[in-house]
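Report on one structure; see the data block that follows.
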Amino acid sequence: MSVAISIENVIKRFGKDTIINGLSLDVRPGEFFTLLGPSGCGKTTLLRMIIGFNSIEGGEIRIDGKVINSIPTNKRNMGMVFQNYAIFPHMSVRDNVAFGLKNRKVPQDQSESQVDEILKVVKIDHLKKRMPSKLSGGQQQRVAIARTLALNPKIILLDEPISALDVSMREVMKKELKDIQRRFHSTMIFITHEQEE
């Protein structure tokens with residue numbers, strides 16, 4: 001089930017510098033919401049506030065009407081795909097995707113079937129034994145997306161996830177991200193500094 005995100009007058013400061021000053025926006029349930037802006041304008045900071053990596057100095061963030069400002073990151077049922085993918089170099093594709101399920105103590109047989117299904121969805125099931133150093137940028141991105149999807153988050157935050165890919169792969173991944181969003185009924189926030197995206 002998709003969820004709504006409501007951001008009301010949020011403020012983020014680092015020391016004396018105000019990075020976000022009273023931002024408000026609403027994301028509808030199941031929406032693929034894109035936030036466009038130049039590098040350094042606070043897009044990633046906002047995503048980090050939504051997921052709970054950064055504190056909030058003012059305002060409120062609500063998920064389906066519930067204020068989440070003080071809820072710990074691991075209780076927010078969100079996933080984030082980082083610009084640099086942040087996959088573990090010492091783990092195979094399968095182990096990377098299973099990492100969050102293992103931390104949640106999901107039984108191994110259930111975890112294995114979930115991982116297999118997700119790897120098929122993102123079209124890398126044939127790479128499950130491969131190490132990250134043997135993957136292309138597009139394949140690494142798919143691993144990062146699969147790891148997020150495996151946890152079945154209600155909200156997926158995408159921090160410029162296709163900016164490092166070549167033009168043809170960007171086009172493929174834009175379509176596939178939209179297909180994934182429809183299939184999983186997730187609410188997604190996608191940030192970019194590229195107007196064409």
Would you verify whether the NZ or CZ of R182 falls within 45 degrees of the ring axis of F32 while also being under 6.0 Å from that six-membered ring's centre? no
CZ-OG distance between R130 and S92, expressed to the nearest 0.5 angstrom: 12.0 Å
Check: I7 main-chain N/O paired with E60 side-chain donor or acceptor under 3.5 Å: no
Side chain to side chain contact (heavy atoms under 4.5 Å, CB included) with L149: of V122, L119, V81, only one passes, and it is V122
Would the distance check show the side chain of S24 and the main-chain N or O of N9 forming a donor-acceptor pair, the cut-off being under 3.5 Å? yes
Under 3.5 Å, is there a donor-acceptor pair between the side chain of Q139 and the main chain of S136? yes
Electrostatic pair R183:D179 at N-O distance under 4.0 angstrom: no
Going hydrophobic residue to hydrophobic residue with side-chain gaps under 4.5 angstrom, can you get from L47 over to I11? no
Is there a side-chain contact between D17 and R13 (heavy atoms, below 4.5 Å)? no
Any sub-3.5 Å donor-acceptor pair from E31's side-chain atoms to R28's backbone N or O? yes
What's the spacing between N69 CG and I56 CD1 if we round to 0.5 Å? 4.0 Å
Do Q181 side-chain atoms and G30 backbone N/O form a donor-acceptor pair below 3.5 Å? yes
Counting only N and O atoms by type, is there a donor-acceptor contact under 3.5 Å from the side chain of S2 to the main-chain atoms of P29? no
When you look at NZ of K102, are more than 12 heavy atoms from neighbouring residues, nucleotides or ligands closer to it than 6.0 Å? no
What's the spacing between T44 OG1 and M49 CE if we round to 0.5 Å? 13.0 Å
Passing candidate, side chain to side chain contact (heavy atoms under 4.5 Å, CB included) with L157, options I191, L46, I189: I189
For the pair R142 (side chain) and G137 (backbone), establish whether a donor and an acceptor sit closer than 3.5 Å, ignoring hydrogens and angles. no
Are M91 and L101 in one and the same hydrophobic cluster, where Ile, Leu, Val, Met, Phe, Trp and Tyr link if side-chain heavy atoms are under 4.5 Å apart? no
Heavy-atom side-chain contact between K178 and K174 under 4.5 Å: no
Result for side chain to side chain contact (heavy atoms under 4.5 Å, CB included) between M78 and one of T73, I63, I5, V3 points to I63
Between F184 and I156, is the side-chain contact (heavy atoms from CB on, under 4.5 Å) condition met? List the steps. CA-CA 10 Å; F184 286 86; I156 299 175; 5.8 Å; no
Do the side-chain N and O atoms of S55 and K12 include a donor-acceptor pair separated by under 3.5 angstrom? yes
If you round to the nearest 0.5 Å, how far is CG of L135 from CD1 of I87? 6.0 Å
Quick one: are S186 and I155 in side-chain contact, heavy atoms under 4.5 Å? no
Separation between OG1 (T45) and CG (L23), nearest 0.5 Å, reads 11.5 Å
Does the ring centre of F99 sit less than 6.0 Å away from the ring centre of F88? yes
Treating R147 as the side-chain partner and A86 as the backbone partner, does any N or O pair qualify as donor plus acceptor under 3.5 Å? yes
One pair to check against side-chain contact (heavy atoms from CB on, under 4.5 Å): K129 and V93. What are the steps and the verdict? CA-CA 6 Å; K129 294 182 180 177; V93 167; over 6 Å; no
Would you mind checking if K16 and E57 are paired as a salt bridge, meaning a charged N to carboxylate O distance below 4.0 Å? no
Check the pair F14, N54 against side-chain contact (heavy atoms from CB on, under 4.5 Å), reporting the backbone distance first and the verdict last. CA-CA 10 Å; F14 291 111; N54 283 355; 3.9 Å; yes
Using side chain to side chain contact (heavy atoms under 4.5 Å, CB included) as the criterion, point out the one residue from L25, I61, I50 that pairs with V10. I61
ring-ring contact (aromatic ring centres under 6.0 Å, His included) partners for F82, two or more places apart: none
Before you tell me yes or no, could you show the steps for L177 and I145 under side-chain contact (heavy atoms from CB on, under 4.5 Å), namely the whole-Å CA-CA distance, both residues' side-chain angles and the distance that decides it to 0.1 Å? CA-CA 9 Å; L177 283 171; I145 292 167; 3.5 Å; yes
Would you say T18's side chain and N21's backbone share a donor-acceptor pair under 3.5 angstrom? no
Salt bridge or not for E176 and K123, using N-O below 4.0 Å? yes
In this structure, would M131 and V97 fall into the same cluster of hydrophobic residues linked by side-chain contacts under 4.5 Å? no
Tell me, do H185 and K154 make a side-chain contact under 4.5 Å, heavy atoms counted? no
